[in-house]
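Indexing begins at 1, ligand by ligand and atom by atom, following the structure's order. Given the structure is predicted, the values throughout are model-derived calculations rather than measurements.
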Amino acid sequence: MTENENYTKFASVLFDVSIDKPLDYAIPNEMLPNIKPGVRVEAPLRGKNSPGYIIAIKDRPDFTPVKPIAKVASETAIITSELFELAIWMAKYYCTPLRQVLKIIIPASIRTDTKPKQQLFVMRTKTKEELQEICQSIRNKNSSQADVLDVMLNVKKGILLTELLEKAKTTRSPVDSLVKKGCLVMDIVRIDRSPLVNEQYFKTRPKPLNSDQKIALEKIVKSIESHQFETHLIHGVTGSGKTEIYLQAIEKTLQAGKGAIVLVPEISLTAQTIERFRSRFEGNIAILHHKLSAGERNDEWNRIQRGEARIVIGARSAIFSPVKDLGIIVVDEEHENSYKQSDEMPCYHARDIAVMRGKLSKAVVVLGSATPSLESYFNAMKKKYTLSTLTNRADTARMPAVSIVDMKKEFEKAKGFTSFSEKLIDGIKKRHDIGEQTILFLNRRGYHTTFFCQECGRPVKCEHCDATLTFHLNDNSLSCHLCGFTIAPPPKICKICHSPKQLKFKGVGTEQIEKALHAILPDIRTIRIDADTTRHKGSHSKLFRAFGTGKADVLIGTQMIAKGLHFPQVTLVGVLNSDASLNIPDYKSSETVFQLITQVAGRAGRGNVHGEVIVQTLMPENTTIQSASKQDYEKFYEEEIASRQLFQYPPHAQLIKISFSGKDDLKTRGNAESLRSFIIPKLPAEYNIHPVIPSGHAKVKDKFRYQFLIQGPNTLPVNAVLISALQALHIPSSIKIKIDVNPISTYF
Ligand code: ADP
Ligand code: ZN
Ligand code: ZN
C-alpha cells in the first residue's frame with residue numbers, strides 16, 4: 001500500500017467490470033498531464049489491473065489509503081466532457097448504470113482499443129438451419145450458448161468476438177464450447193476496411209426556397225448565429241422541402257465553423273438520402289449505420305473525432321458521435337419509433353437525447369416530420385419548441401387525393417373475403433395501361449398470418465413463445481417471428497384437439513397479396529419488399545432500384561416501403577389493411593395508424609402527375625382513419641391530445657414500464673410483485689402504479705414476461721426509488737429486469 005502523502009491529485013475511476021460505484025486512486029506525478037475525465041486508464045482491482053475511465057479529478061480521496069493508477073491507456077480523453085456529461089444525465093434519466101450507458105456511447109472497437117487489425121473473428125461452420133436446430137435443442141440446458149447462436153444466426157459472414165460477446169451478453173466460455181463442438185470457428189483476422197467507394201457526385205446547389213421554407217430557415221439561422229440552444233420543429237408534409245431546409249441550415253452551420261449530426265431512421269439510410277447529402281457536401285460526411293464492421297466504425301469515429309468529417313449521418317446511435325463544436329442536430333422523421341432503443345437498457349430515445357445534447361452543447365436542434373410525435377407537437381404548442389409549418393409540396397407535385405373504401409361492403413359484393421376493393425383493382429389496371437406505377441402497402445409479412453384449427457379455433461403456436469406461427473409459402477413452413485422456431489412442412493391436424501378437420505389459413509400477408517394480385521391481373525409485374533425478400537446484403541436497394549427503373553408495375557411491401565423514398569412514376573398507393581394496428585391495446589396505437597397512413601400516402605404523385613391514395617378499412621367511421629385520409633394533422637392532434645389528457649398518458653404525464661423475464665413463471669411474477677409492493681409506499685400519492693400483468697408477448701424464447709407501469713408527473717423521483725428498491729431486494733440474476741422510461745409500447 002502506498003502512502004497518500006506522495007500524491008497531490010486523486011481520481012475517481014469507473015471500471016468496465018460491474019462495479020457501479022467509481023473508486024478512488026492516486027495519480028502518479030508523471031501521469032498528471034495526461035489524466036482528465038474521459039481518459040482510459042488501468043488500475044489495480046482485486047489483484048489485477050482492470051480497465052476503466054477517469055470520471056473526476058479530486059484533491060482528496062474518499063477513503064485511504066489508495067493505490068496509484070497503473071497505466072494511462074488512451075492518449076486523450078476518448079470521450080469529450082460534453083458527452084460525458086450527457087452520459088451522466090442518461091444514467092440518471094434512464095435509470096441505468098453509467099458503465100452501461102458508456103458502452104452505448106463509445107463503440108466497442110474504440111473502447112477495447114486492442115490493435116483493431118488483429119481481432120478474433122467468429123464464423124459459422126454449419127448452415128443456418130442446422131444451427132437453428134442446435135439452438136433450439138440447447139435452449140433449456142444451456143441458455144448462454146443458445147444466446148450466442150441467436151446472435152450468430154443473425155450475422156452475415158461472421159462477427160468480431162468482442163461484438164459477439166457484447167450482443168449475446170455473455171463471456172467467452174460458451175463461444176469456446178461452441179467452437180469445440182464444431183458449430184463455430186474463431187480466427188485472427190485483419191479487419192476488412194473497404195475504403196469509401198470513390199463515387200462521383202453531381203454537385204447540387206442550394207435551391208431557391210419558397211416562402212414557407214424561407215421563414216423556417218430564417219428562424220433556424222437566427223438560432224445558429226446566436227450560438228444558443230433552441231429546438232425547432234418543422235411540420236411539413238412529405239415532399240414539402242424539409243430536407244432542403246436541413247441542407248441549407250447545415251451549410252450555414254459549417255460556415256460558422258461548426259459541425260452537424262443528422263439522424264435518420266435506419267430504414268431511410270438508403271442510397272437516396274445519402275446521395276442527397278453527399279452531392280451537396282461531398283467528402284465532408286461520415287455515415288454510421290448498423291452494417292458497418294467494427295473496423296469501419298472505428299475509422300469513421302476517428303475521422304469524426306479528428307474533424308475530417310464535419311457532418312455525421314446515421315441512425316439512432318449516431319447521436320453519440322464525437323463531433324467537435326457541434327452546431328446543429330437534425331432529427332428527420334422525428335416521430336419514428338426506431339429512434340427508441342427498447343430491447344435493452346438504457347432504453348433511450350435518440351430524439352430526446354438530441355434535445356439534451358443540443359442543450360449541453362449550445363447547439364440548434366431541428367426536428368422534422370410530416371406527422372410529429374404528440375410529445376414534440378405538444379412542446380411546440382407550449383412554446384418550448386419553435387414551430388414552422390410547410391403546407392405545400394415544394395416541387396410541382398400536388399397533394400394526392402385520398403379516398404376511404406369500406407371493406408365490409410366489398411366483402412358483401414365479393415360474397416366473401418377479398419384483399420382488393422374493386423376501386424383498387426381498377427386503379428392498378430389503369431396505371432399499368434398508361435405506364436405508371438402503384439405501391440401496395442400491407443402491415444404484415446408472410447403468406448397467411450396464422451394457421452388455425454377449424455374445430456377448436458386455436459392457432460398453431462410457437463413452442464417457445466406466446467406467439468402464433470406464420471406460414472411462409474416459399475419454403476412451405478410455419479415460423480415464429482420472435483425466435484425463429486420453424487415447423488416444415490406445417491402440421492395437417494390440430495395437436496390440441498386432434499380433430500380430423502384440416503387446419504386452415506387465416507389472415508393475409510405480403511406473399512399472398514402478390515399471388516392473389518397475379519391471379520386477378522396476370523400481366524402485372526410485381527416486386528415485393530419485406531423482411532423475407534431483403535435478408536441478403538444489398539437486396540433492399542437492388543429491389544428499390546429495380547422498381548425505380550420501371551422493372552415492375554406494382555411494389556408490394558410492409559413498413560419498409562412506407563417512408564423516405566421518391567418514385568416519380570408512382571401515382572397510386574393502396575393501403576390494404578389500414579386499421580390493423582388499431583386493435584393493439586396500446587395508448588399509442590391511434591398515433592401509429594395516423595402516421596402510417598400519412599407516410600404511405602406521401603409516396604403517391606411525387607412527379608408531375610396527380611397522385612391517388614386508396615385506404616381500405618373495416619372501420620371507415622374511425623376518427624383516426626378519417627383525419628389521416630384528409631391528412632389533417634391538427635384535427636388528429638386535438639382529438640388525441642384530449643384523450644391523452646383524459647387518461648393521463650404522455651405528454652400529459654410520464655410513464656415507466658418495468659419488465660421482468662425469467663424461465664420460472666411463478667418466480668418471475670413473484671419478483672415483479674415484490675418490487676411493486678416495495679415501491680408503492682415510497683412513491684407520493686400522485687403516482688399511479690398499475691398491477692403486474694403478463695406482457696403482450698407473455699413468453700419469448702422460453703422466458704416468461706411480466707410487467708407493470710408507473711404513471712406520474714415526473715420520472716426522476718421514481719428512478720431514485722427504483723434504484724434503492726433493487727439494491728434492497730436482491731432480485732436473483734436469473735430474472736432480467738428492464739426499466740423503460742417513456743416506453744413506445746405499453747403492451748409488448
Ligand atoms: P421532404 O424532406 O419534406 O420530404 P424534400 O426536401 O425532399 O422534402 O423536397 C421534395 C422535393 O422537392 C425534392 O425533389 C426537392 O429537391 C424539391 N425541392 C425542395 N425544395 C425546393 C424548392 N425550394 N424549389 C424547388 N424544388 C424543391
Ligand atoms: Zn383443434
Ligand atoms: Zn418463438
Side-chain angles (χ1 to χ4, degrees), residues 132 135-136 139 146 150 202 204-217 234-250 262 264 268 270 272-273 275-277 279-280 330-334 366-372 388-399 451-470 478-487 491-504 563-568 598-599 601-603 605-608 697-703 705:
Q132 193 116 50
C135 184
Q136 267 146 28
R139 168 103 45 219
D150 278 340
F202 225 7
T204 56
R205 281 210 303 273
K207 291 188 163 61
L209 300 181
N210 65 35
S211 60
D212 281 350
Q213 285 175 311
K214 232 184 245 160
I215 295 170
L217 181 68
I234 306 181
H235 174 209
V237 295
T238 318
S240 58
K242 297 186 292 295
T243 309
E244 186 60 38
I245 299 176
Y246 308 153
L247 291 167
Q248 300 198 17
I250 292 169
V262 181
V264 295
S268 21
T270 52
Q272 276 184 333
T273 314
E275 244 163 72
R276 280 186 76 182
F277 279 86
S279 56
R280 194 68 61 87
V330 174
V331 185
D332 189 27
E333 312 279 5
E334 65 86 29
V366 179
L367 314 177
S369 175
T371 52
S388 296
T389 310
L390 310 178
T391 39
N392 297 305
R393 284 192 164 176
D395 48 17
T396 47
R398 281 175 295 161
M399 297 298 287
F451 214 56
F452 76 105
C453 171
Q454 294 194 67
E455 187 62 41
C456 71
R458 291 193 184 93
V460 183
K461 291 184 91 172
C462 176
E463 290 176 12
H464 307 280
C465 309
D466 170 39
T468 51
L469 298 179
T470 302
L478 289 178
S479 73
C480 172
H481 287 175
L482 294 177
C483 75
F485 171 76
T486 303
I487 308 179
K492 292 235 155 38
I493 57 164
C494 177
K495 257 186 162 175
I496 303 163
C497 72
H498 306 285
S499 151
K501 285 191 193 158
Q502 290 253 323
L503 291 170
K504 255 191 99 171
K563 30 212 107 148
L565 293 152
H566 183 71
F567 296 117
T598 314
Q599 299 286 339
R603 304 293 120 229
R606 301 199 74 184
N608 298 321
H697 293 299
K699 190 173 95 178
V700 174
K701 296 186 189 176
D702 291 316
K703 293 203 174 114
R705 292 151 42 103

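With a cut-off of 2.8 Å, the protein N/O/S atoms near the Zn ion (ligand 2) add up to 4.
Assignment of Leu390 to the shell around ligand 1 is not supported, since no heavy atom sits closer than 4.0 Å. At least one heavy atom of Ser240 sits closer than 4.0 Å to an atom of ligand 1.
Remark: side-chain polar atoms of Gln213 are not paired, donor with acceptor, to backbone N or O of Leu390 under 3.5 angstrom. Looking only at distances, no side-chain donor or acceptor of His235 sits under 3.5 Å from a matching main-chain atom of Pro372.
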As a quick check of understanding, evaluate side chain to side chain contact (heavy atoms under 4.5 Å, CB included) for Phe277 and Leu247, giving each step before the final call.
CA-CA 7 Å; Phe277 279 86; Leu247 291 167; 3.6 Å; yes
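The heavy atom nearest to atom 25 (C) of ligand 1, considering only Glu333, Glu244, Gln248, Lys207, is found in Lys207. Between Arg276, Lys242, Lys214, Gln213, it is Arg276 that holds the heavy atom closest to atom 7 (O) of ligand 1.
In this structure, Asp332 does not pair ionically with Lys242, as no charged nitrogen and carboxylate oxygen lie closer than 4.0 Å. For Arg280 and Glu244, the salt-bridge test passes: some basic side-chain N is under 4.0 Å from an acidic carboxylate O. Taking 4.0 Å as the cut-off between side-chain N and carboxylate O, Asp150 and Lys701 count as a salt-bridged pair. Salt-bridge annotation for Arg139 and Glu463: absent, with no side-chain N of the basic residue lying under 4.0 Å from a carboxylate O of the acidic one.
Among the atoms of His464, no N, O or S atom is found under 2.8 Å from the Zn ion (ligand 3).
Each of Thr470, Ile487, Thr486, Leu469 was evaluated against Cys480; a single residue qualifies, Leu469, per the side-chain contact (heavy atoms from CB on, under 4.5 Å) test.
Of all the heavy atoms in Val700 and Cys465, the pair that sits closest is CA-SG, 3.8 Å.
To the nearest 10 degrees, the angle centred on the Zn ion (ligand 3) between SG in Cys465 and SG in Cys462 reads 110°.
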